[in-house]
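Working notes for the structure below.
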Amino acid sequence: MDSSFIIGLAGIAVLIILIAIRVPIAYSMLIVGISGVTILSGPAVILSQLKDLVYAQFSIYDLSVVPMFILMGSLATFAGLSRDLFQAANAWLGRFRGGVAMSTIVACAGFGSVCGSSLATASTMGKVALPELKRLKYSPALATGTVAAGGTLGILIPPSIVLVIYAIIVEANIATMFMAALVPGLLAVGLFILTISIYVLIVPEAGPPAEKIGFTETKKATLAVLPVLCIFGIVIGGIYVGAFNPTPAAAIGAFLIGLYGVIRKKISWNNLIEALLETAKTSGMIYLILIGAETLKIFMSRGRVPMEAAELMISSGLSPYMILVLLLIALIILGCFMDSLSMIILAIPFFWPVISELNFGMPEDSVKIWFGIIALIVVELGLITPPVGLNVFVIKSLSGDIPISETFKGVMPFFLMELVRVTLIILFPAIVLALPEFLSG
Amino acid sequence: MGLVNYTRQLIRLWALLGGFILIGIILMTAYSATSNLLLNAPVAGDFEIVEMGVALAVFCFLPFCQLERANVSVDIFTMNAGPKSEVLMSILASTIAVLFASLLLWRMSLGMTDYREYEEYTAILSIPIWIAFPPILFSLFLLILASLITTAESFRKLLRLKVEGKLKKPDFK
């Protein structure tokens, strides 16, 4: 171990301290990255890179989908998507025992796919679903647990911003990642619905059925979400069949959602301004973190930290799957404290070099896709892990009188089901890899 | 006080300008992709406009992002921190933002000089790269102002806490 490696490790320690005392993650990375490179190689290197580094990063073509999808998501919020989705799902599923909880899951998946933030999905859907669940006398544990768990669904269902960021970090194809994420994402919806069915089988009074909704009502509710579903069909289908790249797809999606909202008179001028400012905040935050990650990467690679850590891991004599599980546990723990996007940007540059050196009996490109999907699921799992999961706290602030221990109790079955899903994907990589292989022929 | 409010308004409007640039890029890209699909005639060099336009838009967003304190931080370890340490932490964060924004403004203005001296153009549309820089530098200038405003806000809070602390002391005796 040479001194630059030790300086690199010290840098990580300082980074953790800064993040822990509430310095924004982006600035923590920037300050450690810039001063780290200065210590290792003198000020000239980083000073000359800063002349162009930020513009070069901001003008990466693939990244341009990020602000476009964010704008699409905030426009969709104003278009009343959360309520429409919930009502449509409810019209079909509400009549069954536990059905309103199942509808919440379906609506969360639909809303989360556009929204891209678990916390925002949990809070938006919570506002719509919790009053209804309460009215029908669902048990507080099941009601709040469902919304907290449902919030985590969006990350995989395309279009997902975190998925785009992962693809850019490991240099994977964005369209391929979108294809790979679909089956695991839908699997989660299925498994969560199964969880609810088992739950109400054991505790029938936890999820009483809602009153039946007539045919005309059902038709109306379903028709209301149809245009939006079509728009997503065009965006995602267009990417899948190769009609357009992710950036044009995002542009078309944002345009169509905006048009839909204006035609239905749901998006006013003030809504548009608000959506733009929301996009400004979220995009600015993400791009700043990416710059932080870039300076940190320059520092870390000069200190050879990812390489040395990878060598250390590989020479430890653990089997590839043991190392994978260790890294995943680390991600779950870190995911409890940080939002998934920051987590992915921070951890993947360290974890991917380790994983890419291991032999899982697949080509490296497949491992890239497979590991990405698993990592994304696991990071989201942190959001519902007792005793700190952030999603649970969001629900707490919405539901007021329901104690947080109840929510954690309700989240536990979903948490266990997520472990089942991760295990399935680790054992059968085909769940992830089959669709991209099929679509790209 | 009036000046600060004007600056706030300016930062907000600047972010909105970035937003409208983004909308322009979206419309152009959507048109280009559709025209490519149907008529096999995309807008020439559309990706160059996307790259430069989105970069410009994001730079416009940064000051607003700072002003609204939208940069994510982790507060789970300091949830039980007292109001005073909370304010001190936020002063630290804002100061770092001032330093970073100033450093970047200095370096990127030199970056613009480089681009002007070596005359770099985009490949298809031959747009000189340096023309993106003046609005970017202005964004960074606004970012400095935004971070100064958030720093001042935190200091004012600190002062208020001190005053309240002094007033409260007799109660404890």
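Here is the naming used below: chain letters follow the sequence lines, and residue numbers restart at 1 for every chain. In this text, all values refer to a predicted model and were calculated from it rather than measured experimentally.
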Practice task
May I ask you to check whether over 12 heavy atoms, not counting those of A:Lys396, lie within 6.0 Å of atom NZ?
Solution key: yes
Handout entry: Spacing of A:Ser59 atom OG and B:Phe47 atom CZ [to the nearest 0.5 Å]
Key = 12.0 Å
Problem - A:Leu63 side chain reached by B:Val54 side chain, heavy atoms, under 4.5 Å - result: no
Exercise for the section: Please flag which part of B:Asn71 lies under 4.5 Å from any non-hydrogen atom of chain A: side chain, backbone, both or neither. Expected result: both
Completion exercise
Greatest number of non-hydrogen atom pairs under 4.5 angstrom with chain B, of A:Ile19, A:Leu277, A:Leu18, falls to A:Leu277
Handout entry: Side chain / backbone / both / neither for A:Ser64 at chain B, heavy atoms under 4.5 Å
Key = both
Problem - Closest non-hydrogen atom pair between B:Val50 and A:Thr247, with its separation - result: CG1-CG2, 4.3 Å
Practice task
Begin with the C-alpha distance, continue with both residues' side-chain angles, and end with the deciding distance and a verdict on side chain to side chain contact (heavy atoms under 4.5 Å, CB included) for A:Val54 and B:Ile136.
Solution key: CA-CA 10 Å; A:Val54 183; B:Ile136 290 175; over 6 Å; no
Problem - Proximity breakdown for B:Arg12 and chain A, heavy-atom pairs closer than 4.5 Å - result: both
Exercise for the section: Kindly indicate, with the supporting measurements, whether the criterion side chain to side chain contact (heavy atoms under 4.5 Å, CB included) is fulfilled by A:Phe58 and B:Leu62. Expected result: CA-CA 12 Å; A:Phe58 282 14; B:Leu62 292 181; 3.9 Å; yes
Handout entry: Region of A:Tyr61 in contact with chain B, defined by heavy-atom distances below 4.5 Å
Key = both
Practice task
Could you tell me the separation between the CD1 atom of B:Ile96 and the CD1 atom of A:Ile31, rounded to the nearest 0.5 Å?
Solution key: 4.0 Å
Problem - Flag side-chain contact, heavy atom, 4.5 Å: B:Thr34 against A:Phe255 - result: no
Exercise for the section: Would you mind checking which part of A:Ile273 comes under 4.5 Å of any heavy atom in chain B, side chain (CB onward), backbone (N, CA, C, O), both or neither? Expected result: both
Handout entry: B:Ala57 versus chain A, the contacting section by heavy-atom distance below 4.5 Å
Key = neither
Problem - Heavy-atom proximity to chain B below 4.5 Å, by part of A:Leu256 - result: neither
Exercise for the section: Please examine the side chains of B:Ile23 and A:Leu71, heavy atoms only from C-beta on, and report whether any two atoms are closer than 4.5 Å. Expected result: yes
Problem - Within-4.5 Å side-chain heavy-atom neighbours: B:Glu86 and A:Arg22 - result: yes
Could you tabulate the donor-acceptor pairs under 3.5 Å formed by side-chain atoms of residues 140-152 of chain B, not counting sequence neighbours?
residue	atom	partner	partner atom	Å
B:Ser147	OG	B:Leu143	O	2.5
B:Thr150	OG1	B:Gln66	NE2	3.1
B:Thr150	OG1	B:Ser94	OG	3.0
B:Thr150	OG1	B:Ala146	O	3.4
B:Thr150	OG1	B:Ser147	O	2.9
B:Thr151	OG1	B:Ser147	O	2.5

Exercise for the section: Decide yes or no for A:Asp52 and B:Tyr115: does some side-chain heavy atom of the first lie under 4.5 Å from some side-chain heavy atom of the second? Expected result: yes
Fill in the blank from the handout: Turns out that what part of B:Leu88 lies under 4.5 Å from chain A's heavy atoms comes down to neither
Problem - Between B:Ala70, B:Ala132, B:Pro63, the one whose heavy-atom pairs under 4.5 Å with chain A are most numerous - result: B:Ala70
Practice task
Before giving the answer on side chain to side chain contact (heavy atoms under 4.5 Å, CB included), spell out for B:Arg107 and A:Leu53 the whole-Å C-alpha distance, their side-chain angles and the decisive distance to 0.1 Å.
Solution key: CA-CA 10 Å; B:Arg107 295 320 296 176; A:Leu53 178 81; over 6 Å; no
Exercise for the section: May I ask you to test the B:Phe100-A:Leu288 pair for a side-chain heavy-atom distance under 4.5 Å? Expected result: yes
Fill in the blank from the handout: A:Met285 and B:Cys65 have their tightest heavy-atom pair at N-SG, 3.4 Å
Completion exercise
Nearest heavy-atom contact between A:Leu50 and B:Met108 is O-CG, 3.7 Å
Handout entry: Part of A:Ile252 within contact of chain B (heavy atom distance under 4.5 Å)
Key = both
Problem - Most chain A-contacting option - heavy-atom pairs closer than 4.5 Å, from B:Leu104, B:Leu99, B:Leu56, B:Asp46 - result: B:Leu104
Problem - Stepwise side chain to side chain contact (heavy atoms under 4.5 Å, CB included) check, B:Phe61 with A:Lys281 - result: CA-CA 7 Å; B:Phe61 294 161; A:Lys281 278 197 274 186; over 6 Å; no
Exercise for the section: Of all the heavy-atom pairs spanning B:Thr29 and A:Ala251, show the shortest one and how long it is. Expected result: CB-CB, 3.6 Å
Handout entry: Proximity breakdown for A:Ile25 and chain B, heavy-atom pairs closer than 4.5 Å
Key = both
Practice task
Would you mind reporting whether B:Glu51 and A:Ile60 have side-chain heavy atoms less than 4.5 Å apart?
Solution key: no
Practice task
Decide yes or no for A:Tyr55 and B:Met52: does some side-chain heavy atom of the first lie under 4.5 Å from some side-chain heavy atom of the second?
Solution key: yes
Problem - Between B:Cys60, B:Ser85, B:Ala97, the one whose heavy-atom pairs under 4.5 Å with chain A are most numerous - result: B:Ala97
Practice task
Determine the minimum heavy-atom distance between A:Met68 and B:Ile25, stating which atoms define it.
Solution key: CE-CG2, 3.9 Å
Completion exercise
Separation between CG (B:Leu110) and CG (A:Leu47), nearest 0.5 Å, reads 9.5 Å
Exercise for the section: Sort B:Tyr31 into side chain, backbone, both or neither according to what part of it lies under 4.5 angstrom from a heavy atom of chain A. Expected result: neither
